[in-house]
There are 2 protein chains.
Amino acid sequence: MKKQETITVVDVAKKAGVSKSTVSLVLTNSNKVSEKSKRKVLKAIEETGYVYNRDAASLRSRRSNLVAIVINDLTNPYSTQLTVALEQQIRSIGMFAILVSSGESVEQQSELIQRLEEYKVSAYVICPAPGTSPDFLNGLVDKGRLVINIMREIQGAKVSTIIPDNVSGTYMSTNLLIKKGYKNIAFLGGNESISDYHQRLAGYNNAMHEHFQDDALTQVIQSNTTRDGGRKGMKELLNQSPNIEAVVCFSDVIAYGAIEYMKEQQIKPGVDIGIIGFDDLKDSQLMSPALTTIHIDENQIARAVCQELMDANSNARNKVLVGVDLIERSSC
Amino acid sequence: MKKQETITVVDVAKKAGVSKSTVSLVLTNSNKVSEKSKRKVLKAIEETGYVYNRDAASLRSRRSNLVAIVINDLTNPYSTQLTVALEQQIRSIGMFAILVSSGESVEQQSELIQRLEEYKVSAYVICPAPGTSPDFLNGLVDKGRLVINIMREIQGAKVSTIIPDNVSGTYMSTNLLIKKGYKNIAFLGGNESISDYHQRLAGYNNAMHEHFQDDALTQVIQSNTTRDGGRKGMKELLNQSPNIEAVVCFSDVIAYGAIEYMKEQQIKPGVDIGIIGFDDLKDSQLMSPALTTIHIDENQIARAVCQELMDANSNARNKVLVGVDLIERSSC
DNA sequence: TTTTATTTTTGGAACGTTCCAATTATTGTG
DNA sequence: CACAATAATTGGAACGTTCCAAAAATAAAA
């Protein structure tokens, strides 16, 4: 056990022949430091092997560059895809993401955030658990935190919200099915507790009502948002309506489950029954039949989030609807 | 914009009628503080709404309760399953996980860790990217960090390692196939750059050589560790050996891909060709046919990690082989 | 009771940074 | 060149906690 002498700004300053204040200015890359001193300091940092101490910085300056990503459920493939993108983009703008998973529970979510407060995180990027109250989020905002909702909307919360254009997505996909001649088209999966369910369902309903007067054609089956949920939902759907022609799924994962069940029943997805997903997971283009779906660009969402992070001072809280694309493949 | 008066230990102390030192003692729940003062302090904390400032604490005490989880690839379902377990268990022992993804790149991994050093993380739980050098890890250890490798082993690194008993796993699964009368059994998926590949392959080889003299029966196909990798690998395997009878897969994901390809080719998995996975992902028991596989208990791994975190002072670096279970279902 | 041992409590220094107000160096102007 | 204006640099205080050594309170022993 050797004694570790920590190298501080003072050591760097001594080596560079400037004051510690100047070193600090360089570290926070202020523009009011001459090129010459900057070079000297940078060189000294290199030579001494100095490591910045964020704890000290954050303590004194009363702000950190820590961003908490509070995700509802890391087990969901789209969530992880989005999380990875978020984490990288946040890192690229000089901040750091600390990631936690609420497991879809409001209690765990609030306990988590309470503990995160001790770390003086400056912003929360949060996909709120079902039942999150606007007051809870507003409380954080009042304490001076920047709060950005992603994927899900909480009505009445004074926070920025970044979500895919869900309504357009299912509107497009349902329209595609209609154009292809399908009539008995069902909406499968998801449930009322999450805002995106309502939006995706709305897109489906809009398209259906626009083309058919007959309300009997629309059919909605709710389910868990898991593969197994999709499988069970598909079973239920086939029992209720054996003559179903196509299915608009709440998500790709739901579609995977539905397809699995179809195959078991010797029903050919894409041939006997058309099917469309939502999310465009990596696997969707590789499976067979390749899944027609709505593509959400997670990098675009991540970029929008970073935009908000960087505009933190502007108090405007806006809502960004990230555009989605219909990706036609062979499942319908 | 109201001015935020931060409540500090001094305020709490004043309210409780004790000194700030006593409050500090309570906060770090030291045992050398009387029950009476402890109650008073706790009450005062409650009343004042005091929030602990970890930055100040960490700055002064020169230790943090931050643990970095450096995961190779969050996109992999087993990784996320494990990560979620780790994050929760770490939280339950009073520490906090900060999660980053190296994307299987040593460069990104080392850049990441360099930045994490600024946050004074006290331990790294790391699933090392392929090609990670022992020296790199040892460097961290020498700087006083606790380093715990999970899932993958780096020979020569003086760190604790917690991995599933890979060899036993594939030994058991291969044996099961042999007992069921299969003979032409292949090993599918994974590649040499990762240590678990060698171990799982060894288990397969052990079992095969134990029962058959004929080396021609063993067959190994490498692939990416993705669903698509499994699909392509299975295709290659069927081309090379159309008379293959069963497949031991490197992972469940590989098995998913292989099964997908079989179904496309009108081959019935579990009937025409037996197949076994490794990991026991959540989906594996729900799919059809339900996948026979080797169960790794992620909570057990997480617990072992926490054990190491808590025994941090003991300098012993040990290797924990977490037991695995053969889960018989209907895919063979 | 006095003395000794043990348990609790305490104020001041310290951790490594940024902020602030003041000082010094540099540039521009007539 | 003198003077003002601006740019760059600086030392000391401050952020909120834990550590430390010493003091005070309590318990045990004589």
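Proteins get letters first, then strands, A, B, ... in listed order; numbering begins at 1 in each. All heavy atoms count here, side chains included; hydrogens, waters and symmetry mates do not.
- Nearest heavy atoms, B/Met95 versus A/Arg115: O-NH2, 3.3 Å.
- A/Ser37 has no side-chain polar atom (N or O) that falls below the 4.0 Å cut-off from OP1 or OP2 of D/dA8.
- When only modelled atom types and interatomic distance are considered, B/Asp11 and B/Thr48 share no side-chain donor-acceptor pair under 3.5 Å.
- For the pair B/Leu59 CG and D/dA14 C1', the interatomic distance rounds to 12 Å; values are reported in whole Å.
- Contact annotation: B/Arg62 side-chain N/O to D/dT17 OP1/OP2 distance is not under 4.0 Å.
- Residues B/Arg63 and A/Leu25 both approach DNA chain D. Their nearest nucleotides, taken by heavy-atom distance, put A/Leu25 toward the 5′ side.
- Remark: B/Arg60 is not in phosphate contact with C/dT17, judged by side-chain N or O atoms under 4.0 Å from OP1 or OP2.
- Checked by distance alone, A/Ser19 brings no side-chain donor or acceptor within 3.5 Å of a matching partner on the base of D/dG11.
- Side chain to side chain, B/Arg152 and B/Thr132 fail the donor-acceptor criterion of an N or O pair below 3.5 Å.
- In terms of heavy atoms, A/Ala157 sits closest to A/Pro134 at N-CB, 3.7 Å.
- Each of B/Thr22 and B/Ser61 has a nearest nucleotide on DNA chain C; the 5'-most of these lies closest to B/Thr22.
- Side chain B/Lys20 to base C/dG12: a donor-acceptor pair is found below 3.5 Å.
- Between B/Ser21 and D/dC19, a side-chain N or O to OP1/OP2 separation shorter than 4.0 Å is absent.
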